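What follows is one structure encoded as structure tokens, with my remarks underneath.
Both ligands and their constituent atoms are indexed starting at 1 by order of listing. Quick caveat, the model's predicted, so the values are computed rather than measured.
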Amino acid sequence: MFYEVIVDISNTEIDKVFDYHAPFDVEVGTRVLVPFGRRQVEGFVVGKKESTDCKYEVKDIISKLDEYPVIMPEMLDLARYMVTKNLRFIDCLRLFVPAKLRGGRVKVLKKNYLCFNTDYTLESALKEVKTSAKAQRAIIIRLQSSGMEGETEINNEYSPSAVKALIEKGILIRITQEENRTPDSMVKELKKVTLTDEQRSAIDAVNSGDPGVYLIHGVTGSGKTEIYMNVIEWALKAGKTAIMLVPEISLTPQMHGIFRARFGDMVSVLHSGLSDGERYDEWRRLLLGQAKVALGARSAIFAPLKNVGVIIIDEEHDGSYVSESNPRYFTSEVAEYRAKYNNAKLILGSATPALETYHKADKGEYKLITLRNRANKKEMPQIETVDMREEIKMGNTGVFSAPLLAALEETLKEGNQAMLFLNRRGYASFVRCRQCGFVPRCPSCDVSLTYHQEDNTLRCHYCGAKYRAIQSCPKCGYTDLKEGKTGTERVVDEVKRMFPEARVLRMDNDTTKTKDSYLEILSEFGKGNADVLVGTQMIAKGHDFKNVTLVGIIDADLSLYYSDYRSSERTFQLITQVAGRAGREQKAGRVIMQTYNPRHYVYSFAKQYDYEGFYSKEINSRELTKYPPFTKIVRLLVLAQEAEDARRGAEMLTAKLATLKTKVKGIRNLQKMTAPIKRLRNFYRYQVVLWIDTDMEEELMPTIYQIANGGNTDKVSVFCEINPQQML
Ligand code: ADP
Ligand code: ZN
């Protein structure tokens, strides 16, 4: 038998099948050690065959690295599909296994136990040891009564030599067991609810429906989690498995807790906060069929589950589902592939679906299920807009408008909680010399530096570089420096200044660097140990705090003026999501939104919670202007350390694409320009942007990928993105 092996080296040149022979049988999907050139490397067996037409000498596989295949046949097919989307085979396979499995850097945890040998009685065992051997006698008494205990514990409590002597005498028997490392979760009570009519009909529609894609569009608080769990239950009853995806950030131990309360050990959780051991064990429990529900962030879509009955993507509009760094993939595409393969149902859920998703539902490609009411019948909180231009006219140039201040005061007085949302971290977006206009910029990136007060630094938000803050202008020495736009740090400062008694927490990238800090902040706030939570979009998602009666949106316009066709959509989503945090239980909530542009249509729709109205308007303008979903935007990003190399690289690609454009149908527009951020991490950036007809994507993309790959040299790298989430 001959085996086809993909070696575990990420290099386009050798990303192909190599034939090997083996003196033993190897199942497809097994990891193996093979000779490769003068080295030994790990690899994956991706196929077997009776004969080979190989021209070179076929070598033998050295050994198998695991006892069982780690890549299921379905995943091999998936990898073959992903390869057509311009990924390397090996990079796909790497996505499917825990990173530390490669190189044998994580192992099954084995624990030794000591058992009392029941051939002995207490008396006969004690007779075997001298009366002076106190430790041995004590261990015999202890284990004869307990039966079995951990060897380490007994060693520590008594003595390893006594244990050793007893094992040699045959009084104790050592057994080794595999242990699972279980990630922490919050212990949650199983909450029994009576389903609302809307929930019930949503569940029925899915459970009695055909395989395919379902979009559950339900307002915030409509109880979508309950729907998901019911559908998963139905899948488990039918002997199937389930994958549940949530954005990384909302995957707090809370969600894990809710799922564990409902499904017990059937749930396995996969996210970036796990230790290597935990990740490996959770993954292995799925592979071996010990767990049947995978709960996790984006990468859990690759969970090694067989016979998948349902895949759920919660908050489907969330940008974190798109992997924009290598390897690049769309979670929804992978999910659709796996759902089709398993004849399963794919459920996309959101209060604010991505326009492209809703458009598919609108056209009937997806089945649409709508929930208009909150599960507890609570009204959606009222959104009030404050015109900040009026505030300025009245002489208020502070962070808070008069209405927001008053509302904050009232909330604190009543002992309720407030959330203040601002999607900008740091203290001030930049500093500028009032005399000569000098603005400190990042030496490696083409952006200005953000002022952070907590450690008095200027930081680059793109490459992370940090510099000491300046007291005076390094150019002219002037000491009067103007601070740019307000960030979360300053909001905290202002709250403390206005309300010295208030307990304030901040949640953004800077305060959530460690594994548990995210959960700590949320649980402190949840327990009522703080009155105000200030944060970036991290606080917008999914949280359920019952005492929050006020949500303040400090600068609603922030995402509106990005030069990005999704800016209106993003703004609508953010406002709806943050607003949804207020008044979720008994207490009514209100939302105060500060804007310089109160008449913008996004705000009128957001205030009415009118997603459909917003959708109609937005989709019309996308159709008129030929933006996605009516076209695909393909960007080839060209990076090089020398500006000239990047420019020339982009020019060459443009020339090739221009030729292609004249030969085929479907390329509507072609542009070459510097990227919006001209330099990042010392790389100069150019972009070539193509608008292609949506129905020509399949046909055109392979050629476009080919051209893009052809642009790679030792000086120039080319990346190809489709409908990029962010055009930096
Ligand atoms: P969504 O994800 O749609 O925003 P959640 O699933 O977080 O909403 O549910 C919001 C709240 O409503 C949760 O506290 C949940 O326990 C509660 N809930 C869900 N279904 C019901 C129900 N049928 N009756 C009462 N409360 C419910
Ligand atoms: Zn930088």
Side-chain angles (χ1 to χ4, degrees), residues 186 188-203 215-232 244-247 250-252 254-255 257-259 261-262 295 312-318 347-353 369-381 426 430 439-450 452 457-467 522 526 540-548 573 576-587 589 609 611 677-685 728:
M186 229 144 106
K188 284 264 178 185
E189 296 274 310
L190 183 60
K191 197 165 158 185
K192 267 279 156 213
V193 296
T194 312
L195 295 173
T196 64
D197 291 345
E198 284 187 327
Q199 283 173 322
R200 169 104 331 268
S201 58
I203 294 164
L215 171 62
I216 300 186
H217 173 218
V219 296
T220 53
S222 55
K224 293 187 284 293
T225 315
E226 194 60 40
I227 301 175
Y228 304 149
M229 291 195 292
N230 271 276
V231 172
I232 292 173
M244 165 92 196
L245 304 182
V246 293
S250 52
L251 191 74
T252 57
Q254 246 149 313
M255 190 63 135
I258 294 172
F259 266 67
R262 184 82 160 237
L295 169 65
I312 296 159
I313 306 182
D314 188 28
E315 312 277 9
E316 68 84 30
H317 62 277
D318 197 276
I347 299 176
L348 311 173
S350 176
T352 51
I369 296 169
T370 309
L371 290 91
R372 298 187 186 279
N373 302 294
R374 284 185 155 180
N376 56 9
K377 309 280 186 298
K378 277 269 149 202
E379 291 288 308
M380 299 302 291
F430 60 86
V439 174
R441 305 178 72 82
C442 177
S444 347
C445 312
D446 184 38
V447 296
S448 51
L449 296 170
T450 304
H452 285 248
T457 54
L458 287 168
R459 293 192 212 163
C460 173
H461 281 188
Y462 293 90
C463 73
K466 263 192 201 185
Y467 305 90
L522 287 180
K541 288 170 204 165
H543 315 298
D544 209 17
F545 298 115
K546 60 178 186 298
N547 287 321
V548 173
Q573 284 166 347
T576 312
Q577 297 287 337
V578 236
R581 301 310 116 214
R584 287 175 71 92
E585 295 208 359
Q586 270 68 34
K587 300 174 180 172
Y609 293 96
Y611 176 85
I677 295 182
K678 294 186 198 65
R679 201 159 68 103
L680 201 66
R681 295 190 167 89
N682 285 322
F683 282 89
Y684 287 89
R685 300 150 51 83
L728 293 180

**OP:** Within a distance under 4.0 Å of any heavy atom of Thr194, pick out the atoms of ligand 1 and give their elements.
**Re:** 22 (C), 23 (N), 24 (N)
Original post:
Quick one: does Asn230's side chain get under 4.5 Å of Arg262's, heavy atoms only?
Top reply: yes
Subject >> Option set Gly218, Gly349, Ala351, Gly223, criterion heavy-atom distance to atom 8 (O) of ligand 1, minimum >> reply: Gly223
Original post:
Is Gln199 touching ligand 1 with its side chain, its backbone, both, or neither, if touching means heavy atoms under 4.0 Å apart?
Top reply: side chain
Original post:
For ligand 1, which atoms sit closer than 4.0 Å to a heavy atom of Lys191?
Top reply: 14 (O), 15 (C), 16 (O)
Subject >> Heavy-atom side-chain proximity of Arg200 to Asp197 below 4.5 angstrom >> reply: no
Subject >> NZ/NE/NH1/NH2 to OD/OE distance under 4.0 Å, Lys224 and Asp314 >> reply: no
Original post:
N/O of Thr225 under 3.5 Å from N/O of ligand 1, yes or no?
Top reply: yes
Original post:
side-chain contact (heavy atoms from CB on, under 4.5 Å) with Val219: which residues, sequence neighbours excluded?
Top reply: Ser222, Arg374, Met380
Subject >> Cys460 atom SG and Cys445 atom SG as seen from the Zn ion (ligand 2), angle to 10 degrees >> reply: 110°
Subject >> Thr196: numbered ligand 1 atoms lying under 4.0 Å from its heavy atoms >> reply: 23 (N)
Original post:
Hey, what do you get for CD (Glu198) to OG1 (Thr370), rounding to the nearest 0.5 Å?
Top reply: 8.5 Å
Original post:
N/O of Gly221 under 3.5 Å from N/O of ligand 1, yes or no?
Top reply: yes
**OP:** Take every heavy atom of Asn376, measure it against each atom of ligand 1, and state whether any distance is under 4.0 Å.
**Re:** no
**OP:** Indicate if the distance from the Zn ion (ligand 2) to the nearest N, O or S atom of Cys442 falls below 2.8 Å.
**Re:** yes
Subject >> Distance filter under 4.0 Å to Ala375 heavy atoms, resulting ligand 1 atoms >> reply: 18 (N), 19 (C), 20 (N), 21 (C), 22 (C), 27 (C)
Subject >> Option among Gln573, His217, Glu316 that satisfies the side-chain contact (heavy atoms from CB on, under 4.5 Å) test with Ser350 >> reply: Glu316
Original post:
At a 4.0 Å threshold, what atoms of ligand 1 neighbour a non-hydrogen atom of Thr220?
Top reply: 4 (O)
Original post:
Between His452 and His461, what is the ring plane arrangement, given parallel below 30°, perpendicular above 60°, and tilted in between?
Top reply: perpendicular
**OP:** Output the distance between atom CG (Leu449) and atom CZ (Arg459), rounded to the nearest 0.5 Å.
**Re:** 11.0 Å
